Amino acid sequence: MRTQVVIVGGGPAGLLLGRLLERRGVESVILERRAGEYVLGRIRAGILEHGTRVLLNEAGVGERMEADGLPHDGVTLCYDSLSHRFDFVDLVGREVMVYGQTEVTRDLMDARAASGLLTIYGAEDVALHDLDGEKARVTYRQDGQEHEIVCDFIAGCDGFHGVCRRSAPESAISVFERVYPFGWLGVLVDQPPVAPELIYANHSRGFALCSMRSRTRSRYYIQCPAGTDVRAWTDDRFWDELRRRLPPQDADNLRTGESLEKSIAPLRSFVAEPMRFGRLFLAGDAAHIVPPTGAKGLNLAVSDVAYLAGGFDAYYNERSSAEIDDYSRRALARVWKAERFSWWMTTMLHRFPEAGAFDRRIQRTEFEYLASSRAAAQAMCENYTGLPM
Ligand code: FAS
Ligand code: PHB
């Protein structure tokens, strides 16, 4: 088989890249290791930046998001007994969209199927070849059969544990990483959210987040020590701990129920540089990871593939390589700003086991400054609702 771009990974980055390329007349094949239903079963992000919402609408996959999503124009941060609501529209003139990653992925899958474009699910042992050759090659196995695709470019959209980043020459890649001493224990429940907007709380017992997927389905997280076994957490134990970390009026409003999903996400900051190796381009979690505190992970995948689609468009339709040659620099400039913001939100809102009295005073002062300075609040909201793409 031959194509112009092979996309490895059928998550949001790969599917959105495929959609953006289709709109520009560039041919792609997506290779996804898992089955489609498995991909949809992963509960991940919940907040779309303003720019992501605009881009999904421009790509013609925003209809269900606009019908079912929840535009939010504010968020509340708490620190012990302190609580402050940040009004996005007043401070930075834009809002965010609450619409789960699962639904974004479903919309993209449906659009690709409706266009009759090829996504190969169950593609095993994907391997990349000839990254510096005249053409690149991708091999994979499906139903016991070996297959090969010859292509101009490979987009590595296969996430943190994928094969693409590992296929780059070890001497050519630089890695920057911070692993946090805690994770997020997350629960999905079919109960109305505790409040109309998100609540991020730094309590002496640890971080908690009240989020949602709709007016009848909620998503909650509590900080837990790294290495925690999710089996040690019954629903009742989770609800009791969450209630203890929330402001009293929110704890009283909490509607509990049987968890539809319960999982622990480790927290890390990670960037691999550069994001291009010959004919291989990395995008999304394949190139970088942020702690979810800033709600940046999915949104960074979106800006990466927007840049990459523009680059392939210029290459094929204007015979110019300038944009793809500048992809890594341009993408990393936005990645690092999101890494900074996600690190800053995580540092301010979590209890660090090794923190001393001075560290906790500085953390509280960071919150008090943020809650008392319009300029500081504008900076926080500018990042949370999304820096320009
Ligand atoms: P993804 O990991 O979503 O997709 C990669 C795809 O590649 C997967 O479908 C995988 O099956 C496939 N793949 C992997 N290896 C392959 C191979 N060798 N061959 C073929 N296919 C292969 N972000 C937030 O903003 N908020 C959150 O709350 C949040 N929670 C998260 C929880 C967890 C457990 C994780 C892991 C991430 C979370 N994220 C969150 C970040 C997440 O939303 C990512 O940013 C987002 O999924 C990025 O999308 P992709 O880059 O497409 O990577
Ligand atoms: C979510 O709803 O899953 C969510 C929301 C905000 C975050 C992280 C996760 O910062």
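This structure is a prediction, so every number in the text was calculated from the model and none was measured. Throughout, numbering of the chain's residues begins at 1 and tracks the sequence.
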For a quick check under 3.5 Å, do [X] and [Y] share a side-chain donor-acceptor pair by atom type?
| X | Y | result |
| --- | --- | --- |
| D326 | Y307 | no |
| T385 | R94 | yes |
| T139 | H129 | yes |
| E22 | S115 | yes |
| W336 | E273 | yes |

Worksheet item: Are side-chain heavy atoms of I7 and L31 found at a separation under 4.5 Å?
Response: no
Worksheet item: Below 6.0 angstrom between ring centroids: does that apply to F153 and F312?
Response: yes
Worksheet item: Would the F182 and F207 ring centres measure less than 6.0 Å apart?
Response: no
Item to complete: Using salt bridge (charged side-chain N to carboxylate O under 4.0 Å, His left out) as the criterion, list what pairs up with R24, not counting sequence neighbours.
Response: D313
Discussion item. Could you check whether E241 pairs with R245 (Lys NZ or Arg NE/NH1/NH2 to Asp/Glu carboxylate O, under 4.0 Å)?
Written reply: yes
Discussion item. I need the full list of ring pair (Phe, Tyr, Trp, His ring centres under 6.0 Å) pairs touching residues 215-254, with sequence neighbours left out, sorted by first then second residue.
Written reply: W184-Y221, Y220-W239
Item to complete: Name all pairs fulfilling the salt bridge (charged side-chain N to carboxylate O under 4.0 Å, His left out) condition that reach into residues 61-72, sequence neighbours left out, sorted by first residue then second.
Response: R53-E66, R64-E103, R64-D107
